[in-house]
Participant: 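Before anything else, here's the structure in question.
All of these numbers come straight from a predicted model, not from anything done at the bench. In what follows, every heavy atom counts, from backbone to side chain, and hydrogens, waters and symmetry copies are set aside.
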Amino acid sequence: QVQVVESGGGLVQAGGSLRLSCTASGSTFSINTIGWDRQAPGKQRELVARISGDDSLNYADSVKGRFTISRDNAKNTVYLQMNSLKPDDTAVYYCNAYGTKAGRPEMFEYWGQGTQVTVSS
């Protein structure tokens, strides 16, 4: 079975930093695209950052220049380094992964359960 596990959330003051980690693993699962969405209370879930199989990057305008996504393919892990955090960054951050399973041509999508990031003023 595919398992998506997130860590690194917490409480930080404005201007501080956090690093989120997400590992997506399974005996026959190969990651293509992996990244992060977030959802704040009363808000729609929105894209934060993605890194694709060809290592192309996609960031929300609100986090460009502050957040950096990277991946370690050997560990099936993606990281989100968040610097210069603002109160508006407060949200639950969800890891999501797209990939393939051995013997299946279609793509599969998996989500983590979310990790809370709270930025105080």
Participant: What's in the same ILVMFWY side-chain cluster as Leu47, cut-off under 4.5 Å, chained through other members?
Facilitator: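 Other cluster members: none.
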Participant: Please round to the nearest 0.5 Å and tell me the distance separating atom CG of Asp54 and atom OG1 of Thr33.
Facilitator: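 Those atoms lie 8.0 Å apart.
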Participant: So how far is it from Lys101 NZ to Ser30 OG, rounded to the nearest 0.5 Å?
Facilitator: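 So the gap between those two atoms works out to 11.5 Å.
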Participant: If you measure from CZ on Arg38 to OG1 on Thr115, what distance do you get to the nearest 0.5 Å?
Facilitator: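 Separation between the atoms: 14.0 Å.
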Participant: Does a side-chain heavy-atom distance below 4.5 Å link Gln81 with Ser70?
Facilitator: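 In short, these two side chains do not touch, never coming nearer than 4.5 Å.
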Participant: Please list, chain by chain and in numerical order, all residues satisfying salt bridge (Lys or Arg N to Asp or Glu O under 4.0 Å) with Arg19, sequence neighbours excluded.
Facilitator: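 Scan of Arg19 (salt bridge (Lys or Arg N to Asp or Glu O under 4.0 Å), adjacent residues dropped) gives none.
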Participant: Could you tell me the separation between the CE atom of Met82 and the CH2 atom of Trp36, rounded to the nearest 0.5 Å?
Facilitator: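 Going from CE on Met82 over to CH2 on Trp36, the span is 8.0 Å.
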Participant: Write down the atom of Ile31, the atom of Ala24, and the distance for their closest heavy-atom approach.
Facilitator: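 Scanning both residues, the minimum pair turns out to be CD1-O, 3.5 Å.
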Participant: Do the non-hydrogen side-chain atoms of Gln116 and Thr90 ever get within less than 4.5 Å of each other?
Facilitator: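 Answer yes - side chains close enough.
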Participant: Report, as yes or no, whether the 6.0 Å neighbourhood of atom CD on Glu109 holds more than 12 heavy atoms from other residues, nucleotides or ligands.
Facilitator: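 It does: Glu109 CD has more than 12 such atoms within range.
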Participant: Just so I know, are the side chains of Val5 and Gln3 near enough to count as touching, which here means a heavy-atom distance under 4.5 Å?
Facilitator: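 In contact.
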Participant: Closest approach of Asn32 and Arg71, non-hydrogen atoms and distance?
Facilitator: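 Shortest heavy-atom separation between Asn32 and Arg71 comes out as O-NH1, 3.0 Å.
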Participant: What's the shortest heavy-atom distance between Pro87 and Ala14, and which atoms?
Facilitator: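 The answer is CD-CB, 4.1 Å.
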Participant: Compare all side-chain heavy atoms of Thr100 with those of Glu106 and state whether any distance is below 4.5 angstrom.
Facilitator: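 Result no, sub-4.5 Å side-chain heavy-atom pair not found.
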Participant: Sequence neighbours left out, what pairs pass ring-ring contact (aromatic ring centres under 6.0 Å, His included) with at least one residue falling in residues 83-121?
Facilitator: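 Pairs touching residues 83-121 that pass the test: Phe29-Tyr110.
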Participant: Judged by modelled atom types alone, do Thr23 and Thr77 share a side-chain donor-acceptor pair under 3.5 Å?
Facilitator: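 The criterion, which ignores hydrogens and geometry beyond distance, is satisfied for Thr77 and Thr23.
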Participant: Any side-chain heavy-atom pair from Glu6 and Leu80 closer than 4.5 angstrom?
Facilitator: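 They are not in contact (no side-chain heavy atoms under 4.5 Å apart), so the answer is no.
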Participant: Are the side chains of Val78 and Ile51 in touch, meaning some heavy atoms are under 4.5 Å apart?
Facilitator: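 Yes; the side chains approach each other to less than 4.5 Å.
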Participant: With sequence neighbours left out, which residue pairs that include part of residues 6-109 fulfil the disulfide (SG to SG under 2.5 Å) condition?
Facilitator: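 Every disulfide (SG to SG under 2.5 Å) pair that includes a residue of residues 6-109, provided the two are not neighbours, is Cys22-Cys95.
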Participant: Can you find a pair of side-chain heavy atoms, one from Leu57 and one from Ile69, that are under 4.5 Å apart?
Facilitator: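 Of all side-chain heavy-atom pairs linking Ile69 with Leu57, at least one is under 4.5 Å.
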Participant: Tell me every residue that passes salt bridge (Lys or Arg N to Asp or Glu O under 4.0 Å) with Lys64, counting only those two or more places apart in sequence or in another chain.
Facilitator: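 Lys64 satisfies salt bridge (Lys or Arg N to Asp or Glu O under 4.0 Å) with Asp61 only.
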Participant: Of all heavy-atom pairs between Val117 and Leu20, which one has the smallest distance, and what is that distance?
Facilitator: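 Minimum heavy-atom separation between Val117 and Leu20: CG2-CD2, 4.1 Å.
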Participant: Quick one: list whatever passes salt bridge (Lys or Arg N to Asp or Glu O under 4.0 Å) with Arg50, sequence neighbours left out.
Facilitator: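 Result, salt bridge (Lys or Arg N to Asp or Glu O under 4.0 Å) vs Arg50: Asp37.
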Participant: For Arg66 and Ser84, indicate whether the former's side chain and the latter's backbone hold a donor-acceptor pair under 3.5 Å.
Facilitator: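 Answer holds: yes.
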